[in-house]
Amino acid sequence: MSNENQPTLLVIDGHSLAFRAFYALPVDSFQTSDGQHTNAIHGFIAMLINLLKAEKPTHIAVAFDISRYSFRTREYPEYKGTRGETPPEFIGQIPLLQEALAAMNITTITVEDYEADDILATLATTGSAAGYRVLVVSGDRDTIQLVNDEVTLLYPSRQGVSDLTRYDPAKVQERYGIRPEQYPDVAALVGETSDNLPGVPKVGEKTAVKWLGIYGSLDGILENAEAITGKVGESLREHKDRAVRNRRLNRLVTDLALPVELSSLARSAIDEEAVRDIFARLQFRTLLDRLLKTEGIDPSASQAGSATPTSAPERPEPQRLLDEELRAWIERNAASGCGIALTADVVEGRVVDVALSTAEQSVELAWQLHGADYAPFEEWLTGDSPVVMAGAKSLIKAFHRSGLEVAGPIIDVELLGWVLRPGSPEKDLAGIARRYLGEDLPVGDPNQLIASEGSGLAVDAWFLSRLAPVMREALDEGSLRVFDDIEVPVLPVLAEMELAGVAVSHDELHTLSTSLGDRAADLAAQAYAEIGREVNLGSPKQLQEVLFDQLGMPKTRANKTGYSTDAGALADLQAKSPHPFLGLLLQHRDATKLRQIVESLDKAIAPDGRIHTTYGQIGASTGRLSSTDPNLQNIPIRSEEGRRIRSAFHAGEGMETLLTADYSQIEMRIMAHLSGDPGLIQAFKEGEDLHRFVGARIFGVDPSDVTPEMRSKVKAMSYGLAYGLSAFGLSKQLRIESSEAKKLMSDYFERFGAVRDYLRHVVEQAKTDGYTTTIFGRRRPFPELSSPNRVVRENAERAALNAPIQGSAADIMKIAMVRIADEMRTSDLRSRMLLQVHDELVFDVAPGETDTLGELVTRHMSGAAELSVPLDVQLGVGTDWNTAGH
DNA sequence: GCGAATACGTA
DNA sequence: CGTACGTATTCGCT
């Protein structure tokens with residue numbers, strides 16, 4: 001009998017349980033956004049958490065097979081020979097599971113030449129001998145032989161892995177009618193199809209158990225084989241060698257030399273940071289919460305205050321300094337390390353409280369604008385000393401509203417974190433501190449009104465000042481250049497653009513919204529009439545009922561919830577099975593989508609009559625900006641109605657006009673430069689229509705004989721190339737035969753072979769390095785390139801192929817923006833840079849500045865990089881964005 | 001109230 | 001089986 005104090009050893013067959021989980025959970029429901037399947041991992045971890053809660057083991061180990069070969073396959077090559085190929089969706093889940101287990105500080109054990117079951121057997125034997133209560137979790141029936149008074153087997157049921165049946169000796173007796181140690185004898189006689197071990201023909205479980213009841217053991221049965229009558233007895237005598245062989249193979253090894261001591265299997269606290277990391281990669285939210293709860297960690301706290309390692313330096317007590325003391329402190333520290341770190345509370349757009357810190361000392365300021373006591377702070381802030389911040393852009397804007405321009409070099413640790421690891425989910429100070437200092441940011445109790453000891457502005461500032469040097473040190477040469485010469489300088493430019501905003505006419509939007517709303521209602525009514533009932537046209541689910549059940553249309557591309565009803569699928573349907581409803585639905589979608597955009601823009605107009613977007617400098621892993629609240633980088637342009645939305649964006653009060661400037665075909669030009677393809681470079685140098693030029697080469701005709709159809713095919717392919725487009729994708733997009741698409745691509749590469757070589761090279765290099773690099777040295781890591789999961793890996797390959805191209809274009813645009821902003825300032829222009837849409841800039845032009853600004857902008861945009869092809873810039877002028885954008 | 005899934009706008 | 005984003009909607013879940 002076990003007692004309260006008896007330690008419990010939990011040993012799990014990792015491979016067998018993961019495999020059970022794989023078949024118990026639907027593959028399609030458990031995938032990360034980049035296509036990694038996770039159902040086996042999910043099922044396994046869920047089961048593990050249940051066991052941790054229910055059994056409270058003091059010691060744990062998970063055993064894995066190293067390969068499907070072991071001493072048993074050497075002895076009997078057909079052993080497990082009937083097992084089919086491992087499903088591709090399962091491959092790759094085991095290493096990730098092992099990573100997750102490592103993060104949970106759970107020991108995994110493998111032994112060369114042996115199976116996981118042997119490890120289980122050894123642990124069960126030595127464990128029970130050492131006084132442990134042992135729980136064996138396995139989906140392999142051979143482990144039944146391990147059961148005794150101290151060892152219980154938990155065996156997964158048919159339903160799933162979290163439903164485990166407990167086999168103690170009594171349960172084994174009840175289920176099989178034998179003692180556990182007799183099980184291998186039964187199995188040897190009956191055989192095991194899944195292991196490719198045929199048994200004695202005609203002997204089933206019933207017979208085997210009956211014989212054991214009579215003769216006690218397999219040996220006993222074989223000794224008395226002559227005494228067994230009938231056909232079964234004959235069969236036994238003929239095939240007794242099979243039973244002997246099976247018995248030899250199914251005997252588990254109980255005295256393996258294991259690489260670990262039992263005592264080292266003692267349960268220890270999970271590595272919270274590592275667990276959050278791997279669970280984030282696996283996109284396990286609920287499991288993370290469940291695990292943290294079982295571990296006694298509050299999942300809602302993004303960090304655990306108590307986990308701060310003792311090696312962390314002691315937090316300085318913040319000082320309250322004023323006037324000359326403050327001046328002295330600032331002067332003493334301004335040049336130390338990376339500079340003084342600054343944190344501030346912003347309330348309603350204004351800065352209210354401020355803290356400063358170095359790695360040694362913190363200062364709190366009850367700052368009031370232009371208060372004499374704080375003049376030294378304001379002088380420092382607006383001077384040219386470096387300022388360390390986190391999320392600097394919003395602080396710069398807040399200070400600006402108080403009339404203070406933060407001028408010095410800005411070292412933003414969030415920006416640093418992004419340059420170091422673009423795409424990393426940890427973007428805020430807490431995540432960064434965990435990664436780069438290995439410390440948890442102390443967190444205040446949200447229910448407490450007064451900030452608790454050790455949390456707040458001063459502590460954050462102290463973390464910042466320690467992070468900045470560590471993170472800068474971590475930058476390679478290229479990334480350092482990108483940070484210092486591109487990202488830091490562009491930051492204040494973005495702040496200015498956000499503050500400036502763009503003027504938008506509420507009246508125009510309102511009119512547009514009304515007419516789009518009317519049209520949507522009209523189209524909806526017509527659509528309802530076509531199908532004789534009212535459905536929610538915005539519900540893909542209800543549309544599926546209408547299209548495929550009611551109207552009996554052919555099935556489209558499958559998705560998770562049924563069949564696709566997106567624009568492409570509906571267009572296919574219209575071709576195959578024309579119906580007025582389809583056209584009406586598409587038009588309705590169009591109208592409601594546009595109206596929704598118009599509505600959200602209208603709501604975003606500030607009291608100053610302008611829309612102030614927020615640019616995400618650390619949003620995109622390629623180096624591009626993003627735009628939110630609202631997104632001004634996806635304002636429609638392709639349709640006539642869409643252009644009417646652009647018309648509502650107009651020159652501001654006191655301004656003369658809007659000016660747009662965009663790079664033409666910048667990504668293609670970068671591809672020409674990076675690949676060094678002579679044909680493509682010549683195309684750009686000659687300066688004529690690119691797609692016409694390329695089309696002439698591919699189709700072997702004169703440029704003047706390139707038809708519009710040829711041109712559009714070439715255009716689609718040229719653009720697609722930089723995204724890793726396949727012949728299949730090209731044929732789908734152009735709705736041409738895949739043989740034609742193939743021909744098109746091979747003709748292209750025939751003429752522009754260096755492009756293909758370059759694209760291949762980029763991926764190869766990325767596989768070697770683990771990251772891609774832009775012209776200016778910006779890096780993007782690609783760990784997925786070595787994934788065994790084909791879908792994951794190929795997705796990464798396309799992204800890697802695109803990253804240097806998209807990223808270099810982003811670098812070039814940012815450099816141009818910095819230089820333009822600089823010269824606009826030094827030339828005292830009153831015009832303003834307002835918007836950036838990846839390859840386009842939009843300006844408010846002050847009266848009389850059109851020509852000057854146009855020249856300045858063109859010069860800096862085309863001069864932002866020295867490529868082997870010219871950077872062509874197109875200007876447009878007009879009172880609204882539609883007319884200004886050619 | 002939250003998230004996943006779907007759909008769609010831009011470069 | 002084409003990269004990079006952000007947003008709105010519906011629907012099923014807690």
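Sequence lines set the chain letters: A, B, ... in the order given, protein chains first and strands last, and positions in each chain run from 1. Atoms considered below: every heavy atom in the structure, side chains included; atoms not considered: hydrogens, waters and symmetry mates.
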Please classify the nucleic acid contact of [X] as base, sugar-phosphate, or nothing, using heavy-atom distances under 4.0 Å.
X        : result
A:Asp662 : nothing
A:Leu801 : nothing
A:Gln596 : sugar-phosphate
A:Ala810 : nothing

Round to the nearest Å and state the distance from [X] atom [atom1] to [N] atom [atom2].
X        : N      : atom1 : atom2 : value
A:Arg644 : B:dG9  : CZ    : P     : 17 Å
A:Leu516 : B:dG9  : CG    : P     : 13 Å
A:Asp839 : C:dA4  : CG    : P     : 17 Å
A:Leu543 : B:dA7  : CG    : P     : 9 Å
A:Gln544 : C:dT10 : CD    : C1'   : 12 Å
A:Gln836 : C:dC5  : CD    : P     : 14 Å
A:Glu784 : C:dT3  : CD    : C1'   : 14 Å
A:His588 : B:dC8  : NE2   : C1'   : 15 Å

### Parallel, tilted or perpendicular, as decided by the 30° and 60° cut-offs, for the rings of A:His579 and A:Phe581
perpendicular
### Query
Which of parallel (below 30°), tilted (30 to 60°) and perpendicular (above 60°) describes A:Tyr719 and A:His691?
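Because their plane-to-plane angle lies in the 30° to 60° range, the rings of A:Tyr719 and A:His691 count as tilted.
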### A:Phe30 ring center near A:His37 ring center (under 6.0 Å)
no
At less than 4.0 Å, is any side-chain N or O atom of [X] found next to OP1 or OP2 of [N]? Yes or no.
X        : N      : answer
A:Thr592 : C:dA8  : no
A:Arg798 : C:dT3  : yes
A:Asn634 : C:dG6  : no
A:Ser627 : C:dG6  : no
A:Arg780 : C:dA4  : yes
A:Lys593 : C:dT7  : no
A:Arg589 : B:dC8  : yes
A:Arg638 : B:dT10 : yes
A:Gln633 : C:dA4  : no
A:Thr561 : B:dA5  : no
A:Lys541 : C:dT10 : no

### Query
What is the pairing partner of C:dG12, taking Watson-Crick or G-U wobble pairs with both distances under 3.5 Å in any strand?
B:dC2
Given [options], identify the nucleotide with an atom nearest to the side chain of [X].
X        : options               : value
A:Ser726 : C:dC5, B:dT10, C:dC1  : C:dC1
A:Ile637 : C:dG6, B:dA7, B:dT10  : B:dT10
A:Ala799 : B:dA11, B:dG9, C:dT3  : C:dT3
A:Arg646 : C:dG2, B:dT10, B:dG9  : B:dT10
A:Arg285 : B:dA4, C:dT3, B:dG9   : B:dA4
A:Gln542 : C:dC11, B:dA11, B:dT6 : C:dC11

### Query
With a 4.5 Å limit on heavy-atom distance, are the side chains of A:Arg644 and A:Asn882 in contact?
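No - every pair of side-chain heavy atoms lies 4.5 Å or more apart.
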### Query
Would you say the side-chain atoms of A:Tyr615 pair up with the backbone N or O of A:Thr628, donor to acceptor, closer than 3.5 Å?
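Not confirmed, A:Tyr615 side chain does not pair with A:Thr628 backbone.
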### Cation-pi geometry met for A:Arg780 and A:Tyr771 (6.0 Å, 45°)
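Not flagged: A:Arg780 not positioned over aromatic ring of A:Tyr771.
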### Query
Which of these, A:Lys732, A:Arg735, A:Lys555, sits in a salt bridge (charged side-chain N to carboxylate O under 4.0 Å, His left out) with A:Asp572?
A:Arg735
